[in-house]
Amino acid sequence: MLALGERFVAAIRSALPDIGPSERIDPLISPSRQPKLGDFQCNAAMPLAKRLGRNPREVATAIVAQLDLTDLAEPVTERDIAGPGFINIRLRAEKLAELLNQLDDESLGVPAPDKPMTVVVDLFGVNLAKQMHVGHLRSTIIGDAIARVFERLGHTVVRQNHVGDWGLPIAMVTWKIASEVDAGRANLDALTLDDLDRYYRTAQRDCTPDRRGLIAVERYGLGPKAEAELDAQVAGAHASLASAKDTLVKLQSHDPETLRVWQRIRDVTMTACLDMCRRLNTSITDDDSAGESSYAEELGPLVQDLLDRGIAEESDGALVVRVEGIPEPTIVRKSDGGFLYATTDIAGIRRRVQKFDADRLIYCVDARQSFHFRQVFAAAHRAGYTRRPGSDQPAVLEHAAFGTVLGEDNRPFKTRTGENVRLADLIDEAVARAEHEVKLRNPDLDAESCRSIAEVVAIAAIKYADLSNDRVKDYVFSMNRMIAFEGDTGPYLLNALVRIKGIFRKGQERSLIPAAGIDSAQFLPEHPAEKTMALQLLRYPAALAATAESLGPHRLCVFLYELAGAFSKFYEQCPVLAAEDERTRASRLRLCQLTARMLADGLDVLGIPTLDRM
RNA sequence: GCGCCCGUAGCUCAAUUGGAUAGAGUGCUGGCCUCCGAAGCCAGAGGUUGUGGGUUCGAUUCCCGCCGGGCGUGCCA
């Protein structure tokens, strides 16, 4: 409420001349917590009283005496001062209608940014030859939602998928597949991601000596046969690892045969993963892929640069960057000359700042990486890689950390056999359950519509369940709860929108919608339920801003849930098509239309797909 | 050892970043469909915000100490 804030600042200035004209004053206007007390409240008196060493109630009284809100609100008197100095404000009814009019524009009241920024969001983070599993869910869903929030606010957003497509693990699976193809046991052109996933794991096993087995043999004396088997395994592992390392060298030197296998692995993986991104209704495309391999040629020169400028130093044969406040240095080159993921991430920061001229880098990555990012951010700052060509302000680096997905047993979410749960399986199960629920409530629906509705409902359920939790906390994945359709769920929000669309459908059928449309109908928010809904609608721009500020999509979820709730109460109490007169009906239709637009917009910002019927 | 994160109704989560009597959902008890979709609405019960101190008009929020859980921590990613 911009106007209210300005009025209060003016009143504060004339009531409290001790405050210098250049000093900033925050009027601390917020919606009332309890609707009984008012529509808005001003909490500024208390902190001001503290600043001036005065009694807060006296300060509030002085502010009220200078306050002029005649055209906006009911008169504010001393009776509206409560507790230590809260000032309660009640909007005039016609002012509320006017505010709704202003809100009902193309942008739903969201202002263009003062300074448009370029924001780079790191998200998704898949690896070659690995099936997507629940571990990828949060980075993808939350990262894309954060990206959409900034896009919605008018900023330029670049998504970056830091694909794990390089290094020894990838060399291992490349070697494994190449040798399987050579042996005629695999056909490169027919590989699926499931095949790759299997090869990845066997390659890992082939290259890892069974140390625990060795210890067991030694400790328990398991006999010469077991010992011989283990010796063979260890020897094999060493040979495999040597081959993998050989493959890594070939990759790094662009050997065409090796590169062809690697490229095929990349294509199969990315095709499958990007299909999943589409299925999840995210805006992630192959243009957003910036694999580790794309940094390979930059790492040597980058480390040399750090060395030349005295930022990196030698330590036990490795090269490290030390940073004030963090005792553990960041290793940027191993003693064997190899680079690490920290090196690649620093190169990534440099590229993102310089190539995209980014104001802000947001890393939507697992909370377990927080120490790594602290180190890497600090190192990049020290190296000057966050300085931007056209600005004296360095880019702001943030780790939007998220917690682990847990099963209902509060342990990390795994299958009974301890495997990662494939994302595709998870979604299929959600769709099957949703389909069952939809059919139950809509027996007449044909199978195809039922199926496509279930797909949307399932995606909405999964995404909303994830987004509506506080990002940094672990969250319990409960298929039962998210698909139950009752309560604070994605389907509830979809249903609110579907019910509004139903009103308009029915209105058309009965010719109750004015031919001229309702865009110019007058808002008449008189019923308490209408007023509550109107006040909630007005909070949308602030809710979006708070979501961006905190990088917390759950803020927007809370807003939308409350809006849907306000609509449900309105829907129970205020007949729309059967309203008592034409004016009321037109007003309510317009209120419904605005609510529907906002719900659809908000859900779109979260990346949640919507429906006309369900 | 050190560092970071988290402890709120039986369960799953909020609390507009220091504001009023800590709110929702779920589950439980009761009520509401000749009326725009009941996937909904209304009412009730349910709390020493892990714990002890501190800062102040005011603390779930900030500071310090404990307890409990999770995760990291110099050559994997």
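All values below come from the heavy atoms of this structure, side chains included, with hydrogens, waters and symmetry mates left out. All chains are named by letter (A, B, ...) in the order of the sequence lines, taking the proteins before the strands, and each is independently numbered beginning at 1.
A donor N or O paired with an acceptor N or O is not found under 3.5 Å between the base of B:U21 and the side-chain atoms of A:Arg33. Checked by distance alone, A:Asp345 brings no side-chain donor or acceptor within 3.5 Å of a matching partner on the base of B:A77. Applying the 3.5 Å distance criterion, the base of B:A20 shares a donor-acceptor pair with the side chain of A:Gln41.
Between A:Arg322 and B:G74 there is no side-chain polar atom (N or O) within less than 4.0 angstrom of OP1 or OP2. Residue A:Tyr492 has a polar side-chain atom (N or O) positioned under 4.0 Å from OP1 or OP2 of B:C41. Checking the phosphate oxygens (OP1, OP2) of B:C76, a side-chain nitrogen or oxygen of A:Lys334 falls inside 4.0 Å. At the phosphate of B:C4, neither OP1 nor OP2 sits under 4.0 Å from any side-chain N or O atom of A:His399. Taking side-chain N and O atoms only, A:Lys569 has a distance below 4.0 Å to OP1 or OP2 of B:C42. For B:G7, one of the phosphate oxygens OP1 or OP2 lies less than 4.0 angstrom from a side-chain nitrogen or oxygen of A:Lys473.
Residue A:Phe371 and nucleotide B:G3 are not classified as a stacked aromatic pair, given the requirement of ring centres less than 5.5 Å apart at an interplanar angle below 30°. The aromatic ring of A:Phe485 sits over the base of B:A39, with ring centres less than 5.5 Å apart and planes inclined by under 30°.
Within residues 580-595 of chain A, no residue approaches RNA chain B, by heavy-atom distance under 4.0 Å.
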